[in-house]
Amino acid sequence: MKKLINNPDKYVDEVLEGMALTYPDIYAIGGATGRMLHRVTPAQDKVGVVSGGGFGHIPVFAGYIGEGFLDACAVGDVFASPDMNPMLESIKFADKGKGVLCIVANYGGDRMNFDMACEMAEMDDIEAIKVIVADDVASASKEEAKKRRGVAGFVYVSKIAGAAAAKGYTLSQVADVAQKASDNCRSIGVALSSCTVPQAGKPTFVIAEDEIEIGMGIHGEPGVGRSKIGTVDETVDKMLSHLLADRPAQAGDRMAILVNGLGGTPIEELYLILRRAKAQLEDVGVKLEHIRVGNYATSMEMAGASITLMQLDDELETLLTADAVCPFWEN
Amino acid sequence: MKKLINNPDKYVDEVLEGMALTYPDIYAIGGATGRMLHRVTPAQDKVGVVSGGGFGHIPVFAGYIGEGFLDACAVGDVFASPDMNPMLESIKFADKGKGVLCIVANYGGDRMNFDMACEMAEMDDIEAIKVIVADDVASASKEEAKKRRGVAGFVYVSKIAGAAAAKGYTLSQVADVAQKASDNCRSIGVALSSCTVPQAGKPTFVIAEDEIEIGMGIHGEPGVGRSKIGTVDETVDKMLSHLLADRPAQAGDRMAILVNGLGGTPIEELYLILRRAKAQLEDVGVKLEHIRVGNYATSMEMAGASITLMQLDDELETLLTADAVCPFWEN
Amino acid sequence: MSFTTKSIQNTISEIQQVVDPIGAELNELDGRLGDGDLGVTMINGFNNMKSIIDDMPEDLGQALFSAAKAMTAVSGSSFGTLMATALMAAGKATKGREAAEWSEVPELLQLAQDAMISRGGASLGDKTLLDSLDAVIKATTGINDPEEMQKAASNAAKEALAEFINKPNKIGRARVYAEKSIGLEDPGMVAICRLVDAIPAK
Amino acid sequence: MSFTTKSIQNTISEIQQVVDPIGAELNELDGRLGDGDLGVTMINGFNNMKSIIDDMPEDLGQALFSAAKAMTAVSGSSFGTLMATALMAAGKATKGREAAEWSEVPELLQLAQDAMISRGGASLGDKTLLDSLDAVIKATTGINDPEEMQKAASNAAKEALAEFINKPNKIGRARVYAEKSIGLEDPGMVAICRLVDAIPAK
Ligand SMILES: Nc1ncnc2c1ncn2[C@@H]1O[C@H](COP(=O)(O)OP(=O)(O)O)[C@@H](O)[C@H]1O
Ligand SMILES: Nc1ncnc2c1ncn2[C@@H]1O[C@H](COP(=O)(O)OP(=O)(O)O)[C@@H](O)[C@H]1O
Ligand SMILES: [Mg+2]
Ligand SMILES: [Mg+2]
Ligand SMILES: [Mg+2]
Ligand SMILES: [Mg+2]
């Protein structure tokens, strides 16, 4: 294992420390076990927005704390759901009497623990509800869309929910628009190399020097097909065909696109993906109103990328482009 | 070679296209050969600030175009100096009658071609002068400091010069403060793995699975020593000892620190570097007034990182924190 | 003779006194296929529940809620969350009452079972604590005497453990090692056996 | 009989007429150790200089400047930049004059040489066009007749090429292949030979 780390058992806590030291005005470490990250300056008089999930995906999840984004976030071990305790701590931190929305990527542990945390919060008279992000089209068929994993679509849903809360939406309004954002998101990834979980010490999976896996999950979950690597244009075309098969694009559709690097892929290559995807989508009449390219949802040093499309309407576009203060989101 | 690319011969031009498509309000491609990137909206009535250099280091060089940063930038092939022509085009684009500062990383071709471009500009009655960035302490001894390569210190020098120009400094004032910034910068890098130049098709160098090279250059130039990889704390301590041997820190010194990823290293690990560096520097009484962690000067998919320290005074701090509009610099 | 807050307090106290060796065994079992934290969950959970029993209200529902909170406050692993889920489901059904008949216990367990299924997404047959609980519910339905009930539960839990040992784990961490899990006891099922046996039968 | 803008125009015209085969040879040579663009530099450079000769002013310095600009406008490779540097250095020394003595040419070449050394950072002995030029300067100093001068220059450039063929390249792209470069002609040195031979001797 070739990493710039110390003791693997302390990896998560030390990285969190580093994050908080880098952005002392934005992130603070809290909670009984130090596994809640929260805004340094709590927001007042608005619906709270929180999340939580396994580690190793920075900026997902906790990186999206900030004004107009998340108020707090529970942090698990690498690729493992956090306990419900930091989730409950996050909910309590974020609650200002108007309720709290929990944005949950669709992984078993995250769902179960957030369910529990919401129920616990209710016992303390805090209204906390969940919205599930399940955008990875490669992880289940259209019929079983509810079983899909949540990946980079999380970023959009968090931005939309955070902006809605900041604008004074009520809890049910924030939940509705977050649900709409989630419903409108489709993602697919490709992996070129594995990552290594520090505590495991060796690569999560093996892939040949000339192969690429379409649809691989952000923890190395199997995708929809392994093949010889082609040109980036060919790869993008395959990715788009999966996305558009799931939700066909109409001429005139307005969309946001997020070209996301998994951590080990240079940004140069992400621009090549955007270049092809934009040309292909515009070819079918789609209007790309909002473009992001960068490392927004990663798997440590995994090489690869994902494309997320979100169908836009006026409300989503207004919220997506609303001002926010977060190190990982430029306005 | 496992990359998400098309034809290696078109790599640079296609990536530039992708950049401009991603940030259509900020970057535009110009010049006879399409190798000048420039601001979409030219600045008026200020000293121009330009740069130029080999490709494969995004955001260095052209990524730092933006308000309060560079006006234009010449783009070479991967790891190869651009011709003097796009340099001259950049100078002409940036000139608003108040002269142009060229920020040049200390590589033979870049220097020679910028010298020529400045001389050519002079023939058109444009005053263009150079400031050299030579911050890599591993690339030459203190006695031969003028021969040092320019690395991530470029980012600070560009920010300082861009801010000074935006504030209305004259050319000689911009040059002076850029030179001060450059003189105050010290950097050192470590590499864990090689990158691959697309046209070469195979890794630039080979390094064992358990080795790390301290002081390696951003093109794979040999460093000051290869050793078994230790903990990140040990690695940071070695890096700092080189930096502080070159310019000892005094208690009370104010510094900016840039922890920079080379492209293939996950940001999680960069936070670990910052965490240790901050503790060690504060231990000797240094005040870190300005902290940046991220991929600011890369070598495509190379795994590794660099630390840059810049000694601050009031003027540098004001300029460093001045507002800027650039996708790769948050304010 | 009925089921009251006092019964809950007693049960927690008695189990807490023997939880250390039980925890050690469960950590070891969980380590073979999972992350080896099941015993930690049990030990921390029962220690923390013990620390709050003196503050338990007479209201049976509220008492069960407070136990659930004490459990989750120190553990968020699957077993801890599921056990808290179970306590809360039983609490909801008894809210406002100060006593229940012992014969109601299987019904309460059924409510707990349903809640755990809907929360955790597992099915009967996946080789989890749910299969043990299912056997316990079936074996205790219709019994009114706590001592008799415990004996029936203890036997049922052991039989379920034996029945499932040669089946593969189909959910949770152990699922990844489905093949390897054949022939191994599921740690959650063992936990149910140990808990039932540690309950004071009065 | 002196050196004027007319001489420059003639020189460029004549070389441009034969630059295509020269360029092909130089591309091939440069491809062995470098990036194979030296011939492209020559061809584009001379074609572009040719296209502007009619607009050249009488002022010798200004004429040389305009040649330098035309060169760099189409090529930024080392040879192009160095040649432009040379033209500008000579231009600076003759600014304001309409004619120079042929006997001044070696001095002008020396100024060009100095400028190229300071711009490119190479030293004599690095196996570059500088070593050819050095030989040319030495061989032509004191000569006043252009025909005689060209003969001396041609011989000197060829001798330098022969002298350096078995030495390693110490600068530029070819330096990376220093060992491999032993026994190979430096493409920039060959370029000097071809240029000198193509100059119209009048
Ligand atoms: N989704 C689930 N539904 C029901 N029981 C489960 C589930 N997941 C795990 N279990 C039970 O919990 C036991 C493991 O508990 P524990 O070690 O606390 O979980 P974790 O995997 O979170 O560390 C398993 O042996 C199994 O019996
Ligand atoms: N720094 C230098 N100083 C002097 N001559 C040089 C230098 N670098 C290269 N040359 C000469 O230029 C020739 C290569 O020219 P060219 O192909 O135009 O350069 P590039 O390497 O930029 O492609 C070499 O054969 C050598 O004679
Ligand atoms: Mg466990
Ligand atoms: Mg666990
Ligand atoms: Mg060449
Ligand atoms: Mg070249």
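In the text below, chain A, chain B and the rest are named by the order of the sequence lines, each starting its count at 1.
- Interface summary for chain B: among A:Gly294, A:Ser299, A:Cys195, A:Gly18, the most heavy-atom pairs under 4.5 angstrom belong to A:Gly18.
- Only the side chain of B:Ile273 comes within contact range of chain A, judged by heavy atoms closer than 4.5 Å.
- A heavy-atom distance below 4.5 Å is not found between the side chains of A:Glu330 and B:Glu330.
- Counting heavy-atom pairs closer than 4.5 Å to chain B, the top-ranked of the candidates A:Ile5, A:Ile229, A:Leu288 is A:Ile5.
- Distance CZ/A:Arg275 to CG/B:Asp13: 9.5 Å, rounded to 0.5 Å.
- Taking 4.5 Å as the limit, every side-chain heavy atom of A:Leu272 sits out of range of all side-chain heavy atoms of B:Lys10.
- Rounded to the nearest 0.5 Å, atoms OH (B:Tyr271) and OH (A:Tyr11) are 11.5 Å apart.
- When A:Gly264, A:Gly261, A:Ser193 are compared by the number of non-hydrogen pairs under 4.5 Å with chain B, A:Gly264 comes out ahead.
- Looking only at heavy-atom pairs under 4.5 Å with chain A, the residue among B:Leu4, B:Ile291, B:Thr231, B:Val15 that has the most is B:Leu4.
- Listed options B:Asn295, B:Leu274, B:Thr22 were ranked by heavy-atom pairs under 4.5 angstrom with chain A; first place goes to B:Thr22.
- Interface summary for chain B: among A:Met1, A:Glu209, A:Glu211, the most heavy-atom pairs under 4.5 angstrom belong to A:Glu209.
- Between chain B and the residues A:Leu270, A:Leu21, A:Val259, A:Leu16, the most heavy-atom pairs under 4.5 angstrom are made by A:Leu21.
- Only the backbone of A:Ala208 comes within contact range of chain B, with heavy atoms under 4.5 Å apart.
- Ranked by heavy-atom pairs under 4.5 Å with chain B, the list A:Glu234, A:Lys278, A:Arg276 is led by A:Lys278.
- Only the backbone of A:His57 comes within less than 4.5 Å of a heavy atom of chain B; no side-chain atom from C-beta onward does.
- When atom types are taken as modelled, the side chain of A:Lys2 and the backbone of B:Leu192 share a donor-acceptor pair closer than 3.5 angstrom.
- Of the residues considered (B:Glu268, B:Glu301, B:Met300), B:Glu268 shows the highest number of contacts with chain A, using heavy-atom pairs under 4.5 Å.
- Between chain A and the options B:Ile267, B:Asp233, B:Asn7, the largest number of non-hydrogen pairs under 4.5 Å is found for B:Asp233.
- Between chain A and the residues B:Ala20, B:Gly56, B:Pro24, the most heavy-atom pairs under 4.5 angstrom are made by B:Gly56.
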